[in-house]
Amino acid sequence: MTGMQSKMIFVTVLLSLSSIFAFSYQDISQVQKIELIRTIGDIESADENYMFYLPSDIAADMNGNIYILDSGNHRIQKFDPEGIFVRTFGVEGQGPGEFRYPSSLDIDKSGNLYISDQGNYRIQMLDKDGCSITTIRREAGTGGLRILEDNKILIGRVSGIMGQIAGGSAFRDNSAGIINREGNILTRFSTSVDFKDLMMNRLGNEVHISNGPDGSIYLCYAYQNRIEKYSQTGRLLFTTSRTLNFDSTLPIAQGTEDIKEMIRVNEPEMNLCSNGISVDRKNRMWIITPLRQMKDCERVQTNMNIRRDSSGNKAFSFSVSGETGIKITDMFCLEVFDDMGKVSFRIRLKHFADGIRILGDKLYILDRFRGMQYYEYKIIEQL
């Protein structure tokens, strides 16, 4: 090879998983259940439109159409309210309307799509037909993304593998913030915990974000027993924790980074405290909480290769290995908190759960690494 040699970054990380049928686990103040309606996506499907690879987010427009961010295939899949495929947005690339492992998706009231295109270190805004409206450049990328009133954008720090490669958070000591469509930071939320180690700081301050119908901002930390609610101006409204079945205070093992022609990064090991948060129309927080830590027989491994060409451009690729055939587990439950931060009820899950999104009266739980699909539930209130 002439010129600068191609450099490959090989990243090995053990990831958490989850989700299938649900049943009442511990009712504290009321009776509540969820009813499985269907699944969307199937890793073994013969129809490539339903064959997702590492899906990462889901959203819906005003007409009830569903949009799934199919991250590993660098595209958005649109389905009608009945779950029938409609069309595809995007392909892999760096141009307008193209993606590289996008991480998060939301839709504003006009039907415009906002995509956290983390592999290209930017946020893209597309119209309802998939045409580019604007691009917001982010120096260290963006993790989670949600659209607020006046089209302000709530964003969280880069997490997981991309967080280690990108160098963590664009907010330095803050885990989340609000920006405008020009990319200017308007508000910052929370303060990161210093674990006295750079790699642990990046992983240990990974945060799940959500916004409520009252305009409040909710943060739930993946590896800290910490849940916070803020006003849009950054005022802390409350912080809370809950009783867990394991010690969440100490890291298990430090990460390692070997920088040579091939860069190998092993993430630190820390006890998982949550795997996602979403807020319903009553301003209740629904949080995916582990009842225990993952068993060795449940673990999967995600490898990411990053190659640089002679111009310094990066090309990412992911592969998943391990116990991907196991789709049922007793590891997770849904904890539902009232608008004052107190647990109202719990619902235990029987499948892996890697993300959560509430859209109207529907609850969507992501199985990202096993079935690579969304479970769609109906939220049922019982008097």
Exercise. Do the non-hydrogen side-chain atoms of Lys295 and Thr329 ever get within less than 4.5 Å of each other?
Worked result: no
Exercise. How far apart are the C-alpha atoms of Asp108 and Arg181, what are their side-chain angles, what is the distance that settles it, and do they pass the salt bridge (Lys or Arg N to Asp or Glu O under 4.0 Å) test?
Worked result: CA-CA 13 Å; Asp108 66 20; Arg181 284 173 52 175; 5.7 Å; no
Exercise. Nearest heavy-atom pair of Gln124 and Thr135: which atoms, and what distance?
Worked result: CG-OG1, 4.4 Å
Seminar exercise, completed: Note: Leu272 and Pro290 closest approach over all heavy atoms is O-CG, 3.1 Å
Seminar exercise, completed: To the nearest 0.5 Å, atom NZ of Lys109 lies from atom CG of Asn151 at 9.0 Å
For this session: Carefully, step by step, assess Thr289 and Arg346 under the rule side-chain contact (heavy atoms from CB on, under 4.5 Å).
Result: CA-CA 10 Å; Thr289 299; Arg346 298 186 179 96; over 6 Å; no
Problem set entry | Short side-chain to backbone donor-acceptor contact, Asn275 and Ile288, under 3.5 Å | no
Exercise. With a 4.5 Å heavy-atom cut-off, do Ile365 and Leu334 have their side chains touching?
Worked result: yes
Problem set entry | SB check Asp338 Lys342 (cutoff 4.0 Å) | no
Exercise. Please walk me through it: do Arg122 and Arg137 pass side-chain contact (heavy atoms from CB on, under 4.5 Å)?
Worked result: CA-CA 4 Å; Arg122 64 187 180 182; Arg137 292 288 175 182; 3.8 Å; yes
Exercise. Counting only N and O atoms by type, is there a donor-acceptor contact under 3.5 Å from the side chain of Ser103 to the main-chain atoms of Gly143?
Worked result: yes
Exercise. Under 4.5 Å between any side-chain heavy atoms of Ile37 and Lys362, yes or no?
Worked result: yes
Exercise. Hey, quick one: are Leu69 and Tyr53 part of the same hydrophobic cluster, counting side-chain heavy atoms closer than 4.5 Å, chains of contacts allowed?
Worked result: no
Problem set entry | Nearest-0.5 Å distance, CE of residue Met51 to CD of residue Gln77 | 11.5 Å
Exercise. Can Leu244 be reached from Ile347 by stepping across I, L, V, M, F, W or Y side chains whose heavy atoms are under 4.5 Å apart?
Worked result: no
Exercise. Between Arg292 and Asp330, is there a side-chain N and carboxylate O pair less than 4.0 Å apart?
Worked result: yes
Exercise. Would you say Gln232's side chain and Gly215's backbone share a donor-acceptor pair under 3.5 angstrom?
Worked result: yes
For this session: Could you tell me whether the side chain of Asp61 and the main chain of Asn63 form a donor-acceptor pair under 3.5 Å?
Result: yes
For this session: Please round to the nearest 0.5 Å and tell me the distance separating atom CD1 of Ile68 and atom CZ of Phe52.
Result: 4.0 Å
Problem set entry | Working for side-chain contact (heavy atoms from CB on, under 4.5 Å), residues Ile217 and Thr187 | CA-CA 11 Å; Ile217 306 300; Thr187 310; over 6 Å; no
For this session: Quick one: pull up CG in Asp339 and CE in Met285 and give me the separation to the nearest 0.5 Å.
Result: 8.5 Å
For this session: Would you name the heavy atoms of Glu228 and Ser190 that are closest together and state the gap between them?
Result: OE1-OG, 3.1 Å
For this session: Output the distance between atom CG (Asp127) and atom CD1 (Ile133), rounded to the nearest 0.5 Å.
Result: 5.0 Å
Seminar exercise, completed: What one should report as the nearest heavy-atom pair of Tyr223 and Cys273 is C-SG, 3.9 Å
Exercise. Between the side chains of Asn271 and Ser248, does any donor sit under 3.5 Å from an acceptor?
Worked result: no
Exercise. OG of Ser274 to NE2 of His208: how many Å apart, nearest 0.5 Å?
Worked result: 4.0 Å
Exercise. Hey, does the side chain of Asn120 reach the backbone of Gly93 with a donor-acceptor pair shorter than 3.5 angstrom?
Worked result: yes
Contacts under 3.5 angstrom, residues 39-46 side chains, donor-acceptor by atom type, not counting sequence neighbours:
{"residue": "Asp42", "atom": "OD1", "partner": "Glu44", "partner atom": "N", "Å": "2.9"}
{"residue": "Ser45", "atom": "OG", "partner": "Asp47", "partner atom": "N", "Å": "3.0"}
{"residue": "Ser45", "atom": "OG", "partner": "Asp47", "partner atom": "O", "Å": "3.2"}

For this session: Would you check if the side chain of Arg357 reaches a backbone N or O of Ile58 as a donor-acceptor pair within less than 3.5 Å?
Result: yes
For this session: Specify the closest pair of heavy atoms between Ser71 and Pro102, including all atoms of both residues, with the distance to one decimal.
Result: OG-O, 2.7 Å
Exercise. Are Ile185 and Ile136 co-members of a hydrophobic cluster defined by side-chain heavy atoms under 4.5 Å apart?
Worked result: yes
Exercise. Would you say the side-chain atoms of Asn205 pair up with the backbone N or O of Val193, donor to acceptor, closer than 3.5 Å?
Worked result: yes
Problem set entry | Main-chain N/O of Phe195 paired with Asn201 side-chain donor or acceptor, under 3.5 Å | yes
For this session: Identify whether Leu237 and Tyr230 are in the same connected component of the hydrophobic contact network (ILVMFWY, side-chain heavy atoms under 4.5 Å).
Result: no
Problem set entry | Ion pair check, Arg38 and Glu376, cut-off under 4.0 Å | yes
For this session: Only one of Tyr374, Tyr50, Tyr364 passes ring pair (Phe, Tyr, Trp, His ring centres under 6.0 Å) with Phe79; say which it is.
Result: Tyr50
For this session: Before giving the answer on side-chain contact (heavy atoms from CB on, under 4.5 Å), spell out for Leu148 and Ile153 the whole-Å C-alpha distance, their side-chain angles and the decisive distance to 0.1 Å.
Result: CA-CA 6 Å; Leu148 308 176; Ile153 307 170; over 6 Å; no
Exercise. Using the ring of each side chain (for Trp, its six-membered ring), is His74 parallel, tilted or perpendicular to Tyr101, with breaks at 30° and 60°?
Worked result: perpendicular
Exercise. Any donor and acceptor pair, going by atom type alone, linking the side chain of Arg348 with main-chain N or O of Cys333 inside 3.5 Å?
Worked result: no
Exercise. Side chains of Tyr67 and Val86: does their closest heavy-atom pair fall under 4.5 Å?
Worked result: no
For this session: Report yes if the side chains of Arg281 and Asp361 come closer than 4.5 Å at any heavy-atom pair, otherwise no.
Result: yes
Exercise. Taking a hydrophobic cluster as the set of Ile, Leu, Val, Met, Phe, Trp and Tyr residues connected by side-chain heavy atoms closer than 4.5 Å, whether directly or through intermediates, do Ile66 and Phe89 fall within one such cluster?
Worked result: no
Exercise. Is a donor on one side and an acceptor on the other found under 3.5 Å between the side chain of Asp150 and the backbone of Lys152?
Worked result: no
Problem set entry | side chain to side chain donor-acceptor pair (under 3.5 Å) evaluation trace for Asp214 with Ser216 | CA-CA 6 Å; Asp214 65 350; Ser216 298; 3.1 Å; yes
Problem set entry | Minimal non-hydrogen separation, Leu145 against Ile147, with atom names | CD2-CD1, 4.2 Å
For this session: Going by the side chain to side chain contact (heavy atoms under 4.5 Å, CB included) test, name the single residue among Ser104, Ser116, Ser278 that passes it with Arg146.
Result: Ser104
Problem set entry | Pair Asp117 + Arg100, salt bridge at N-O below 4.0 Å | no
